[in-house]
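For reference, the structure is listed below as structure tokens.
A note on names: the letters A, B, ... follow the listed sequences, proteins ahead of strands, and every chain is numbered from 1. The structure displayed is predicted, hence computed values, not measured ones.
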Amino acid sequence: MIRYAGYVIMILIGVSCSSDKDTYVPIENAKLDFVVPENFPEPSYDITLNPPTEKGFELGKKLFYDGRLSSDGVISCGFCHLQDFAFTHHTHIVSHGVDGALGTRNAQPLHNLAFMKEFTWDGAAAHLDLQPIIPITAEVEMNETVGGVLKKLEERPEYVKLFAEAFEDQQINAENMFRALSQFMILMISANSKYDKIERNEGSVFTETEAAGFELFKSKCASCHTGTLFTDQSYRNNGLSVDPEYNDIGRKRVTGLSEDIYKFKVPTLRNIELTFPYMHDGRYKTLNDVLDHYANGMVESETLDPIFRNATTTDIGIPLTEGEKEQIISFLKTLTDDDYINDNRFSEF
Amino acid sequence: MIAVLAIISCKEDDNTIVGAVNLNFSNTINDEPIVLNTGSYTNQSNETYTISELKYIVSNIVLIKENGDEFKYPVSESFFVINEEVSESKGLNLTNISSGEYTKIKFGIGVDQSKYPLEGANFVPTAEENGMIWSWSSGYKFIKFEGSFTLEGETTTEDFLLHIGSHGEALDNYKEVTIDLSSTLTIEDDTTSTISIQADVAKIFDSINTHSLEIQKDVQVDPTSPLLAENVSTMFSVTNVSN
């Protein structure tokens, strides 16, 4: 049947296979530029395998803000990732999901994801494209299935149209859904903070306090919060006491290795002023609390990162005076990117 | 629509001869098909066990000719869940196989995540339906093997649960196996051939490595998983080819 139909059409349009390209008029779907900021490293995400387009991005954004991704139709990605707070959850310590279910971890901010190698606090997602499976299917988050989401999307004419416009095969399927979400997420680049403008010599300058804080940061924090992404993307135990309510084993859940127990991903510090509460379980409300922890709140354990151990004494942590803490915090606030927080391209409305 | 049809017609135009292959999996112990729940088996650690669930992912199917030339089944269509409980799941119908004489078959157990992950993303809903996705991780369970067991000389039974998959980027448990066909597979125009593959389930416990349930009855993300994955990679053989 199909074979005959094919021949009929070919005869009707009277072209050979080799000239299909000339006669096929693609739907208007402009490519979007993925621009690496001048002070950024090369992305980890291979853009050539999923080049963002106008329609792909639009679809990704629509999916990001659509409660249909959850079983109760209410919890969207944007529910726990709010732009005002650099796409993290602000009012709750740990994420909230369907039916008021409580997660065990603090939603992470979303920015510069194309430059990250692994995702979530323990690295459970080895690739950005498949990361959405975790929140979609987790009972305490969206409690859905990928198949269930696709069925709901197929029933919506606006999605039928958008998928058809965004992708050559025009299909509503898992691959295209993940592609679209990634196209939206890889373009979420935050690189216009005061710090960036200084790093790129665009005329901004640190205040005296910020400059002092930057010097302290470089000597006391930057071995883990490395480079312009402010993370070396490693997993470390930073001496948090184990909360018996969660007993979160951290990276061990992914690798199964006892040496990885209580290790969590070193988070980026970009927009850190906005992404409170802090740590994987959101236990600290303020940056002051965080620095108090590093100065004198750490607890000993077998997998505590050696970087926090003192060479000559049994002390653990990073010695900091109150004044130094203030200076560091004032530097950290230069990482806030107001342009990103207000960028309409990423806004729900 | 027109473009799609034109592409199909191009495929028909290039005159390649294609046939089909049914790949039939049979999960056995002592050369007999296993019987879920009621079949009783004993491993080399003298542990008597019954099996309540056996599922595994087969992917990246390749047919290999004597001279080493390969016919790769389209990767995006090459992901399947073999589920002992569902007989239809154990017969894979592969179509559009290039003609030729093949002497080996190669396939993956699990999903090769080192490749671009979206290649197999359309398999996600199927994997989900079969409970082959870990919801806390974006990875697949490659093998799911569950049941209960009794230790030698004892009467109480305990459940066992062996789930094997990759551990993020840290540990890749994806395995590829290449096995000789028992006789040459000849693909000609419009023929449908059959390859019967036997999976010797007992080898999950006893092969390159020995796994005792008394020592460990629950394996998920665990340093033991690569030992089991190695064992699984030895359990397949081709018992029959009919052209």
Examine whether an atom of A:R253 lies under 4.5 Å from a heavy atom of chain B, and if so say whether it belongs to the side chain, the backbone or both; otherwise answer neither. both

Considering only heavy atoms, which portion of A:L150 lies under 4.5 Å from any heavy atom of chain B: side chain, backbone, both, or neither? side chain

Does atom [atom1] of [X] have more than 12 heavy-atom neighbours from other groups under 6.0 Å away?
{"X": "B:N37", "atom1": "CG", "answer": "yes"}
{"X": "B:E85", "atom1": "CD", "answer": "no"}
{"X": "B:Q220", "atom1": "CD", "answer": "yes"}

If one checks every heavy atom of B:D222 against chain A at 4.5 Å, the contacting part turns out to be backbone

Do you know the tightest heavy-atom contact between [X] and [Y]?
{"X": "B:N122", "Y": "A:A174", "value": "OD1-N, 3.1 Å"}
{"X": "A:G147", "Y": "B:E128", "value": "N-OE1, 2.9 Å"}
{"X": "B:V221", "Y": "A:G256", "value": "CG1-N, 3.4 Å"}

What I'd like to find out is whether the side chain of A:I133 reaches to under 4.5 Å of the side chain of B:I133, using heavy atoms alone. yes

